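This is a predicted model, so every value here is computed, not measured. Every chain is numbered from 1 and lettered A, B, ... according to where its sequence line falls, protein lines coming before strand lines.
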Amino acid sequence: MIKGRYFPPGSSRAVDASLRRTEQGLVLARDEEDAAPQSDPVLVSDPLGGVPRKLTFADGGVFEAPHDADIDLLLRRRGGFFARLARLEKSLAFAGAAAVAVIGLLFLIYRFGIPLLAAGAAAVTPPVIVAAMDRGTLETVDRTVLSPTALDEEAQARLHRIFAELVALAEPEGPQLRLLLREGGVIGANALALPGGTIIVTDDLVDLAESDDEIAGVMAHEIGHVRERHSLKQVYRVLGIGFMVGVIGGDAGQLVDDVVAQAAAFQTLIYARGFEADADRFSVGLMVAAGRDPTAFVDLLDRIAADSGDAGETGWLSTHPGTLDRRAAVLEAARGLGWEG
Amino acid sequence: MDQNIAVAESDVRHLRFSFSGRAVEYFGIWIVNLLLSIITLGIYTAWAKVRRLRYFYGNTWLDGHNFEYHARPVSILIGRVIVVALLVAYNLLVTISPFFGLLVIVYLLAFPWLLNKSMAFNARMTSYRNVRLNFGGTYFGALGVFVLMPLATLLSLGLLAPVASRLANNYIGRHLGYGTARFDTRAPLGALYANLGATIMFVMLVAVVCSGLGFLIGTGTASLGELAEGSEEALYEFISRGPIIGAIIGGYIALTLAYLFYAAGVRNVAYNHTTLDGTHRLSSEVGRFRYVWILVSNLFATLLTLGLLRPWAAVRTWRYLAASTGFVVVGSLDHFVDGAAPEGNVGAAEFFDIEGIDFGL
């Protein structure tokens with residue numbers, strides 16, 4: 001027999017009551033009333049910590065039992081998944097093991113799972129969607145920041161020649177590569193790669209370059225972004241991080257939410273930096289194959305940095321590695337490919 | 001009969017909410033929720049949410065009875081799948097063409113409907129003494145209070161914030177019901193403006209402390225790093241930049257804390273002017289400084305333990321809010337009866353949950 005409280009259907013008036021099992025079925029005995037047979041409940045709340053159990057009957061009446069009452073014995077049934085889970089949750093050793101497993105799993109997912117899934121998703125994204133993304137982005141930047149190039153015909157032809165030379169050497173698989181020249185406006189000396197193969201080089205960058213090798217190195221770097229699908233991978237990684245934060249942060253408090261969001265934004269910077277280093281390595285390979293100076297573009301980067309008053313270090317909040325670190329990495333990669341400059 | 005009424009009227013009881021959850025007990029539930037959510041790639045989060053809310057509601061007591069959360073995990077899951085699919089589709093469309101950014105207008109127009117349906121669902125899933133809460137708002141009421149009023153507040157640089165708070169809380173209070181009984185909230189503007197005044201004082205206090213600290217830390221790290229480099233020009237550059245960044249971060253922190261301070265004050269005013277059935281009265285005496293302190297110390301405790309103290313922090317916050325809330329009852333609470341009410345929409349509720357939008361404490 002289980003002692004508890006009974007609420008008549010739809011009423012907040014509770015009376016002391018007891019529920020017991022007889023040969024004929026359940027019997028509910030209410031305060032001041034005779035015991036009456038009762039059909040089995042239609043809904044039984046799962047055990048959960050010290051929360052009282054509620055048994056809801058077909059007519060809407062509710063019997064409230066203490067949290068530790070043996071409801072399963074009363075109803076002659078076997079406890080389900082959540083009954084077992086509730087027992088496990090009470091064990092400190094199990095909770096400790098679960099904590100270790102959670103931390104380990106989160107690390108593995110963050111370090112390997114998300115980059116792997118992002119690479120897979122980037123590889124299977126239909127070219128139609130990628131091309132549409134290119135059109136959309138190009139439309140936006142053309143309307144907001146960029147304007148038509150002011151370079152003379154001869155300079156344009158030379159740049160397109162250099163680009164064609166590099167494209168011929170790069171592996172043909174992946175989106176069709178094309179070069180667009182634009183006046184950069186507020187973004188100044190810069191180069192962009194869109195996922196569908198569109199590479200934009202600004203006039204300021206061309207003006208700042210002192211040799212063809214410098215500008216070719218930057219183009220090769222951008223080709224690297226396209227061929228290694230960095231933009232798409234970045235999109236999917238950010239999605240993955242967002243999903244992971246959503247899964248683990250179900251009940252993060254107000255301030256914790258804010259900090260986690262900042263940390264996730266910071267994480268995308270770290271990812272971006274890794275992609276820049278990859279594109280640098282790609283550039284070195286392509287430039288060596290083209291018989292050009294693979295380190296020249298770092299000089300150009302130095303000049304851009306000097307223009308914007310950067311100290312050349314990898315700053316906390318920068319997406320690109322500092323040029324000092326970059327120069328060393330590029331030199332090492334070039335030497336590794338047998339380049340002697 | 002007359003005698004009965006006299007007894008009932010003198011029978012005023014000052015009841016307090018209390019919370020019987022324990023951090024250690026919740027830790028077990030929380031970590032299992034987390035583990036299963038990760039293993040099932042997020043599917044279990046629906047079950048995890050129900051178990052979490054059942055734990056917090058179920059351990060919240062008033063007058064010897066606890067609250068209950070009734071949502072079915074499967075419906076929560078369906079709501080989440082729909083919301084995530086819509087969000088992904090929207091982001092994809094915007095990447096393809098910025099033209100789809102115009103869908104924001106559709107969102108703004110749908111917002112009042114979403115809000116009412118979400119509130120109705122959450123109210124409907126909550127019960128006390130076998131009687132459920134309910135919520136039935138109006139489209140244009142919600143449009144004015146939750147779309148137009150926030151815009152007006154922005155345009156007024158926050159000076160209309162108390163008016164917005166008053167309208168929002170009155171709207172929620174007036175459309176909330178317990179069974180067939182109705183709540184009613186009439187938050188007075190004077191008290192809300194007093195709260196804004198206190199918040200501005202608080203911001204100035206925190207801004208001075210935070211930007212001062214940020215200035216010192218910014219100067220300190222900048223100088224140390226640059227002295228090692230030995231470049232004078234860079235040294236000058238960083239001294240002029242580090243402290244400014246420090247001060248900006250300090251200001252950002254001040255505004256975040258100010259929001260918490262303000263919200264706690266609004267809760268007090270709104271609860272203290274909310275009645276049920278015209279006779280029973282809610283009360284709230286959340287200490288604004290205390291509340292900010294609890295959340296800030298929770299944040300540090302959570303971050304420093306890689307999240308492992310999160311259950312403790314959650315239990316601590318909930319317990320404080322429950323203990324700061326009271327109910328002044330005339331007579332007994334056993335005459336309420338459940339009634340038919342709008343069921344709400346789980347998709348709308350999950351949208352607000354996933355987007356992290358919530359209303360009040």
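Heavy atoms of B:Tyr55 lying under 4.5 Å from chain A belong to its backbone as well as its side chain. Of the atoms belonging to B:Val296, heavy atoms from both backbone and side chain fall under 4.5 Å from chain A. Neither the backbone nor the side chain of A:Leu88 comes within less than 4.5 Å of any heavy atom in chain B. Of the two parts of A:Asp46, the backbone and the side chain both hold a non-hydrogen atom closer than 4.5 Å to a non-hydrogen atom of chain B. Residue B:Tyr178 touches chain A through its side chain alone, counting heavy-atom pairs closer than 4.5 Å. Neither the backbone nor the side chain of B:Leu53 comes within less than 4.5 Å of any heavy atom of chain A. With a threshold of 4.5 angstrom between heavy atoms, B:Tyr44 approaches chain A through side-chain atoms but not through N, CA, C or O. Residue B:Ile29 touches chain A through both its backbone and its side chain, counting heavy-atom pairs closer than 4.5 Å. Contact annotation for B:Trp318: neither backbone nor side-chain heavy atoms come within less than 4.5 Å of a heavy atom of chain A.
The main-chain N or O of A:Ser45 is never found under 3.5 Å from a side-chain atom of B:Arg54 such that the two would form a donor-acceptor pair. Within the 3.5 Å criterion, the main-chain N or O of A:Ala14 finds no donor-acceptor partner in the side chain of B:Asp334.
Residues A:Leu105 and B:Leu35 meet the side-chain proximity criterion, which asks for heavy atoms closer than 4.5 Å. B:Val32 is listed as a side-chain neighbour of A:Phe94, based on a closest heavy-atom distance under 4.5 Å. Within the 4.5 Å cutoff, the side chain of B:Arg51 has no heavy atoms near those of the A:Val51 side chain.
Separation of atoms CZ (A:Phe81) and CG (B:Leu36) is listed at 5.5 Å; rounding is to 0.5 Å. One finds the OG1 atom of A:Thr56 at 7.5 Å from the NE2 atom of B:His70 (value rounded to the nearest 0.5 Å). In this structure, the separation between NE2 on A:His67 and OG on B:Ser20 is 9.0 Å, given to the nearest 0.5 Å. Interatomic distance, CD of A:Glu89 versus OH of B:Tyr26, reported as 10.5 Å (0.5 Å rounding). Note that the CD atom of A:Glu64 and the NE2 atom of B:His65 stand 7.0 Å from one another [nearest 0.5 Å]. Here the CD1 atom belonging to A:Ile103 is positioned 7.0 Å from the CD1 atom belonging to B:Ile31, to the nearest 0.5 angstrom.
In terms of non-hydrogen atom pairs under 4.5 Å with chain B, the most contact-rich of A:Gly60, A:Gly136, A:Ser12, A:Ala98 is A:Ser12. When the candidates B:Glu25, B:Arg132, B:Lys49 are compared by the number of heavy-atom contacts under 4.5 Å with chain A, B:Glu25 comes out ahead.
The two residues A:Leu106 and B:Ile38 come nearest to each other via the heavy atoms CD2-CD1, 3.6 Å.
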